[in-house]
Amino acid sequence: MVDPLSVAAAAFQLWALVVVFFIVLPAMFGVSLGVSGVYIQILVRILQWATVRIQRGRHEQPGAATPSTGIIEHSGGSMEEELEQLRLSRRPEAGEFTLSDVIYFCQKGLESIVEDQVTQRFSSEELASWNLLTRTNQNFQYISLRLTVFWVLGVLVRYGVLLPLRVALAVIGLWWLVMGTSVVGFLPESSVKNWLSELVHLTCYRICARGLSATIHYHDKENRPRKGGICVANHTTPIDVVILANDGCYAMVGQIHGGLMGVIQRSMLRSCPHIWFERSEMKDRHAVTSRLRAHVCDKNKLPILIFPEGTCVNNTSVLMFKKGSFEIGGTIHPVAIKYDPRFGDAFWNSSKYNMVSYLLRMMSSWAIVVNVWYLPPMTIQEGEDAAHFASRVKSAIARRGGLLDLAWDGGLKRGKVKDCFREEQQKMYSSIVVQNGSQPPGAIRAPHEDE
Amino acid sequence: MGSRASTLLREEEIEEIKKETGFSHSQITRLYSRFTSLDKGENGALSREDFQRIPELAINPLGDRIINAFFPDGEDQVNFRGFMRTLAHFRPVEDNEKNKNVSNTEPLNSRTNKLHFAFQLYDLDRDDKISRDELLQVLRMMVGVNISDEQLGSIADRTIQEADANGDGCISFTEFMKVLEKVDVEQKMSIRFLH
């Protein structure tokens with residue numbers, strides 16, 4: 001009679017061996033066994049089949065709601081054009097107030113109530129077709145038995161097989177980071193130390209990436225950020241760091257936390273210079289900028305990684321870049337990151353989920369498939385101010401990543417919009433009403449931030 | 001594996017809203033998920049703050065007046081029915097051909113009702129008259145600080161003079177309709193759904 005406990009112990013040992021030899025070690029050396037490639041292909045096939053089934057099912061049920069990328073058609077003209085059209089029916093000459101002017105504001109207001117450009121960026125993207133994850137099931141109804149079976153199978157596979165595996169990998173990766181950086185920290189300053197530190201960081205991030213089943217496609221590697229530069233990217237999730245650090249070493253910038261994060265941050269600091277700020281220091285913009293500038297000036301130091309949006313956005317658009325990062329000087333290396341939403345929703349909705357539940361959700365998705373584009377370096381031009389430079393970089397990133405370029409501030413996630421934008425609208429309207437030729441009304445659609 | 005949004009909205013309710021407002025089934029479910037996403041307090045009703053959280057509405061000079069239109073007198077919360085009833089004013093008129101309104105009452109999105117919505121943006125105290133004061137207040141909202149009191153006053157006077165047919169110094173709804181008789185309200189005050 002075989003003892004069940006020893007069987008369990010043997011099974012666990014075998015599993016641990018498989019994990020170490022087939023996943024951890026290849027990950028550390030950047031070698032791929034091709035398993036994840038096959039997995040992704042199978043997934044794509046299944047999801048395509050599911051899409052077809054859902055579409056067929058939807059044709060048979062005409063009452064079902066069809067999700068789309070936009071609910072309504074927005075009136076396109078500028079304030080000037082729209083008001084002119086309203087008045088054309090009344091007076092041939094433009095200018096002066098008419099009672100019908102209110103209709104323009106009314107229409108714009110109602111359109112924004114039904115669908116606005118900003119609030120939807122702070123919640124997960126709605127998919128055109130369901131990807132068999134419960135969490136993205138917003139508008140999809142029961143279609144067929146086979147689909148349900150697949151979904152159940154999916155749940156079993158994701159939570160029973162993939163999740164424990166990924167959690168184990170993540171734990172190993174982080175443990176390795178802490179131990180490795182502490183050990184390297186004991187060495188004297190030398191090029192060997194730097195090389196070892198880079199190795200430790202890289203291997204840790206690679207293990208973590210495996211821990212998320214992340215398939216990362218890097219494009220234009222020749223534009224990879226170099227030492228002494230600043231790397232800026234659009235921000236969707238804290239995992240962005242892991243994604244980028246898989247292909248290069250960066251000096252991280254951020255606030256020092258307590259708990260586990262703090263331990264990791266402090267041990268990282270031992271082997272190579274990252275820039276961690278105390279909470280009180282973050283408020284002093286001047287101090288922050290000068291510290292960053294000092295780091296950038298040293299050409300031997302690793303490139304800094306900054307996310308100028310200041311908050312996580314849902315990866316359908318790029319919000320306003322805060323100009324602080326662009327006042328430091330140095331070369332900016334823009335990077336565009338786009339997650340493939342079919343395999344998992346990477347966006348961290350920090351008002352809905354805390355870090356731990358977010359990571360668990362990530363680890364129980366199908367996979368994370370990312371495209372990373374390195375853009376050619378940009379520098380501030382003569383006579384250009386930081387805000388303008390910031391929006392130039394932002395447009396470049398948005399174009400490359402296929403994201404919408406919006407001028408709204410990421411701070412709107414939590415805060416109210418500033419009064420100055422309403423005043424801008426009022427000013428524009430006033431100049432149309434009192435057209436005495438002093439101020440040509442501009443066709444400004446999105447607000448600018450002038451500090 | 002049901003749809004989370006529409007299980008909270010019963011089929012009977014959807015039918016009632018369909019009859020009352022004329023929106024289609026899919027439009028109602030779509031607007032319901034918009035309603036729930038705006039409802040941060042998750043209590044089935046929207047408050048004025050929920051509306052003001054929409055940045056594009058917050059920068060609209062008449063944002064507060066538009067928000068006010070959703071709240072009947074003295075109330076601070078609007079439920080989904082009230083929300084839909086107000087939005088129904090902005091349904092395109094040509095849709096009426098598809099969903100013939102069985103009852104004899106005028107549909108919510110008729111030209112008259114659309115104009116009445118616009119009228120109420122001016123009529124602050126809801127007494128069915130736009131007084132000079134009310135007009136001045138709304139004008140002030142639209143232009144901010146960029147126009148002087150005297151200039152604004154003369155604009156208001158001129159507007160009332162042109163519109164006021166019976167000489168009572170106020171603009172009634174009939175007079176308002178006369179002024180806007182040539183405006184293509186059906187087109188300009190309609191929200192077109194993409195499907």
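What you see is a predicted model, and the numbers here were worked out from it, not measured in a lab. All values below come from the heavy atoms of this structure, side chains included, with hydrogens, waters and symmetry mates left out.
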Distance in Å, [X] [atom1] paired with [Y] [atom2], rounded so as to fall on 0.5 Å steps:
X	Y	atom1	atom2	answer
L57(B)	T119(A)	CG	OG1	10.5 Å
I59(B)	K418(A)	CD1	NZ	13.0 Å
Q425(A)	L62(B)	CD	CG	11.0 Å

* Any V114(A) side-chain heavy atom under 4.5 Å of L87(B) side chain ->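 Yes, close enough: below the 4.5 Å cut-off.
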* Minimum side-chain heavy-atom gap D116(A)-P55(B) below 4.5 Å -> yes
Considering non-hydrogen atoms only, spot the tightest contact between [X] and [Y] and give its length.
X	Y	result
S112(A)	E56(B)	CB-CB, 3.7 Å
F97(A)	M142(B)	CE1-CE, 3.6 Å
C106(A)	M189(B)	SG-CE, 4.2 Å
R422(A)	P61(B)	NH1-O, 4.0 Å
V183(B)	S100(A)	CG2-CB, 4.0 Å
M141(B)	Q426(A)	O-NE2, 2.8 Å

* Give a yes or no on whether K40(B) atom NZ has more than 12 heavy-atom contacts from other residues, nucleotides or ligands under 6.0 Å away. => yes
* Asked: Quick check: are there more than 12 heavy atoms from other residues, nucleotides or ligands sitting under 6.0 Å from CG of D419(A)?
  -> no
Among [options], which residue forms the greatest number of heavy-atom pairs with chain A at distances under 4.5 Å?
options	result
L31(B), L139(B), V145(B)	L139(B)
S37(B), A118(B), A58(B)	A58(B)
A156(B), G63(B), S190(B), A69(B)	S190(B)

* Is a side-chain N or O of S430(A) found less than 3.5 angstrom from the main chain of V143(B), in a donor-acceptor match? -> yes
* To do: Measure Y429(A) against the heavy atoms of chain B and call it side chain, backbone, both or neither at under 4.5 Å.
  =>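 Side chain of Y429(A) only, per the 4.5 Å heavy-atom cut-off to chain B.
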What part of [X] lies closer than 4.5 angstrom to a heavy atom of chain A: side chain, backbone, both or neither?
X	result
F70(B)	side chain
I28(B)	neither
I171(B)	side chain
R34(B)	side chain
R65(B)	neither

* Please report the C-alpha distance between L135(B) and L99(A) in whole Å, then the side-chain angles of each, then the deciding distance to 0.1 Å, and finally whether the side-chain contact (heavy atoms from CB on, under 4.5 Å) criterion is met. => CA-CA 9 Å; L135(B) 186 57; L99(A) 284 169; 4.2 Å; yes
* To do: Starting from the C-alpha separation in whole Å, work towards a yes-or-no answer on side-chain contact (heavy atoms from CB on, under 4.5 Å) for F90(B) and E111(A).
  => CA-CA 9 Å; F90(B) 286 78; E111(A) 277 176 4; over 6 Å; no
* Quick one: of I103(A), L110(A), V118(A), who has the most non-hydrogen atom pairs under 4.5 Å with chain B? ->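 The answer is L110(A).
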* With sequence neighbours left out, what residues match F80(B) under ring pair (Phe, Tyr, Trp, His ring centres under 6.0 Å)? -> Y32(B), F35(B)
* Asked: Would F83(B) and I113(A) count as a side-chain contact (heavy atoms from CB on, under 4.5 Å) if you check the C-alpha gap in whole Å, the side-chain angles of each, and the deciding distance to 0.1 Å?
  -> CA-CA 10 Å; F83(B) 183 70; I113(A) 290 179; 3.9 Å; yes
